[in-house]
There are 2 protein chains.
Amino acid sequence: MANHLPVDRLRRGLCTRCRINDISVYNVRKYLSNVGFLYVAVSSGFNIPMKLTCRDCSLAELCLPRALSPDDMEQFETMVDQRPAMARGNFLYQTGDVFGGLYAVKSGSFKTTISASDGEDQVTGFYLPGELFGFDGFDDHYSCSAVALEHSSVCELPLSSIDQLVVKLPNLRRELDRLMAREITTDQSMLLQLSRRTAEQRLAAFLVSLSLRFRQRGFSGTELRLSMSRYDIANYLGLTAETVSRLFKRLKEHHLALVNGRTVIIQDFEALHRQVHGSGGR
Amino acid sequence: MANHLPVDRLRRGLCTRCRINDISVYNVRKYLSNVGFLYVAVSSGFNIPMKLTCRDCSLAELCLPRALSPDDMEQFETMVDQRPAMARGNFLYQTGDVFGGLYAVKSGSFKTTISASDGEDQVTGFYLPGELFGFDGFDDHYSCSAVALEHSSVCELPLSSIDQLVVKLPNLRRELDRLMAREITTDQSMLLQLSRRTAEQRLAAFLVSLSLRFRQRGFSGTELRLSMSRYDIANYLGLTAETVSRLFKRLKEHHLALVNGRTVIIQDFEALHRQVHGSGGR
DNA sequence: TGGCGCGCTTGACTTACGTCAAGGACCGGC
DNA sequence: GCCGGTCCTTGACGTAAGTCAAGCGCGCCA
């Protein structure tokens with residue numbers, strides 16, 4: 001397994017194999033100790049002191065500012081707050097909190113959940129580096145809670161900044177609208193998933209989506225490390241952890257994917273993809 | 001049954017019992033012929049020639065412009081296009097159409113649907129007078145199709161107008177953000193419904209929501225006329241038409257609601273409400 | 001490095017809801 | 001007022017996925 005190192009990307013803050021974007025010796029140590037396999041056999045280049053700007057950030061092409069011209073970008077950067085890293089399981093915000101702003105994942109990953117009156121939760125989304133979340137809060141209060149799935153960090157775009165920026169930067173407003181529409185579209189396609197697809201198809205769709213998003217971020221699209229538990233996956237897909245477990249077993253038997261704990265090796269992406277769209281649901 | 005007539009509201013374009021907002025002799029005749037029970041035993045006051053302004057519209061307190069000051073409202077009105085009425089079953093827009101703008105229901109009702117690659121549809125929402133839809137289109141193309149469920153009409157807020165107005169009217173932008181966030185929140189609470197609630201709970205939630213929204217619009221909250229088919233309801237709730245039918249029967253047996261064709265009489269709202277939140281799902 | 005607990009797996013059994021099929025009611029058009 | 005089609009209802013039956021329970025093992029912490 002390649003220990004071929006994309007040093008320049010690392011310098012800019014991101015290892016293409018891991019999910020580290022805000023580099024510091026502490027974080028890397030911490031991260032490495034969590035990672036099962038060691039793609040990062042790094043020597044130097046770690047304790048670069050830095051306050052990342054968006055232009056430096058390796059996620060720039062994926063993240064919100066990608067719609068901005070260099071001039072706009074400069075204005076934009078001054079409005080973005082970098083938040084301290086968070087430990088796994090910590091809440092970034094909770095249901096009912098006053099809307100503070102939007103968040104972009106800088107490193108790690110998050111889940112958002114809503115809770116029913118009886119206390120039961122529903123996972124509504126997983127967010128990877130470069131992805132924006134918090135749109136549900138625009139109605140004054142967040143309707144979801146956001147939880148770090150691993151050691152993670154975010155950039156914050158505070159509400160006050162948004163109000164100022166959208167007037168000055170029409171491109172930013174349009175990009176925000178676009179992202180919000182995409183949030184709606186993905187939620188709605190989940191509605192279709194939940195009501196018209198079999199458990200098998202849902203899991204296949206989940207893996208395909210993750211694979212594509214990882215690849216987009218420069219990670220491997222075939223060897224993934226899941227940051228969420230079986231329970232989270234099951235909940236997100238409207239299933240139980242037992243069912244997910246059995247399905248993973250079936251994927252293994254059919255040589256579509258090899259799942260071992262939280263490591264997933266996708267063996268036959270095409271077949272998985274076919275399964276998603278394949279021959280109707282229930 | 002009262003033929004007590006809210007004439008002033010009718011003058012302004014809305015009968016509180018029916019769903020007529022854009023009054024013309026033609027429309028009323030057309031509508032009456034579709035309605036099973038005749039609340040509207042109207043004599044005069046029908047063929048009022050009018051181009052409704054938002055200030056005249058009886059839906060003003062519910063619709064988008066409610067966030068606007070009188071001055072703002074005047075600017076806003078000039079940008080809104082009134083579309084000709086549409087027959088049942090007609091598309092306002094279809095999946096993939098270039099985003100033209102947002103729509104507010106003026107009379108009648110609409111459903112939005114997405115379709116899977118295999119051609120199967122999923123109903124993602126129902127929209128009543130005063131409700132805004134089309135947000136999914138902000139990402140350049142509509143990801144849903146919008147279909148009139150009965151003889152209906154809409155007001156259009158074209159994209160070009162939105163771009164101009166949001167700069168001039170910050171309150172409008174905030175209201176749009178709020179509505180968009182609400183769309184996200186309702187979609188996500190549907191995710192919870194679909195994955196964690198029994199068929200019975202889903203249908204109860206559907207009826208409770210409809211009842212509240214009808215009441216908000218000045219219609220009866222206890223005697224509803226559904227504009228959507230059993231198939232649509234079932235599809236929206238992730239069930240089959242057969243199951244919905246059986247559930248309606250059960251509601252009748254338990255004296256919670258009386259359902260006859262498309263007429264629903266809610267007998268015990270509280271009990272229905274309890275059923276929604278009651279003692280966990282599956 | 002070793003111990004403990006949570007998260008995962010596996011099997012046996014249950015059930016809510018879907019599927020299939022047939023008949024009935026309503027509605028709109030001629 | 002009759003006829004055709006669509007929408008709705010009802011019953012019999014099947015099954016995908018849930019529930020319950022028990023054991024295993026990874027990974028986290030001391």
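A/R215 forms a cation-pi arrangement with A/F269, by the criterion of a distance under 6.0 Å to the ring centre and an angle within 45° of the ring axis.
One can place CZ of B/R196 at 11 Å from C1' of D/dG18, the figure rounded to the nearest angstrom. Straight-line distance from the CG atom of A/L226 to the P atom of D/dG27: 12 Å, rounded to whole Å.
Between B/T240 and B/R88, the residue whose closest nucleotide on DNA chain C is further toward the 5' end is B/T240. Both A/L239 and B/V259 lie close to DNA chain D; mapped to their nearest nucleotides by heavy-atom distance, the more 5′-ward contact belongs to B/V259. Nearest-nucleotide positions on DNA chain D for A/R250 and A/R262 put A/R250 closer to the 5' end.
For D/dG11, one of the phosphate oxygens OP1 or OP2 lies less than 4.0 angstrom from a side-chain nitrogen or oxygen of B/K249. Distances shorter than 4.0 Å separate some side-chain N or O of A/T243 from OP1 or OP2 on D/dG18.
B/Y231 comes within contact range of the sugar-phosphate backbone alone, with a heavy-atom separation under 4.0 Å but no base atom that close. Within 4.0 Å of A/G238, counting heavy atoms only, lie sugar-phosphate atoms of the nucleic acid but no base atom.
Between the side chain of B/E242 and the base of C/dC17, no donor-acceptor pair of N or O atoms lies under 3.5 Å. For B/R246 against C/dT19, a side-chain N or O and a base N or O form a donor-acceptor pair under 3.5 Å.
Heavy-atom contacts from other residues, nucleotides or ligands closer than 6.0 Å to CZ of B/R262 number more than 12.
For B/R230, whose side chain is taken as the heavy atoms from C-beta onward, the closest listed nucleotide among C/dT9, D/dT9, D/dA17 is D/dT9. Of the candidates C/dC17, D/dA17, C/dG7, D/dA17 carries the atom nearest the A/A199 side chain, counting heavy atoms from C-beta on.
Of the N and O atoms on the side chains of A/Q122 and B/S195, at least one donor lies less than 3.5 Å from an acceptor on the other residue.
Using the six-membered ring where Trp is involved, A/Y93 and A/Y142 have ring planes that are parallel, under 30° apart on the 30 and 60° scheme.
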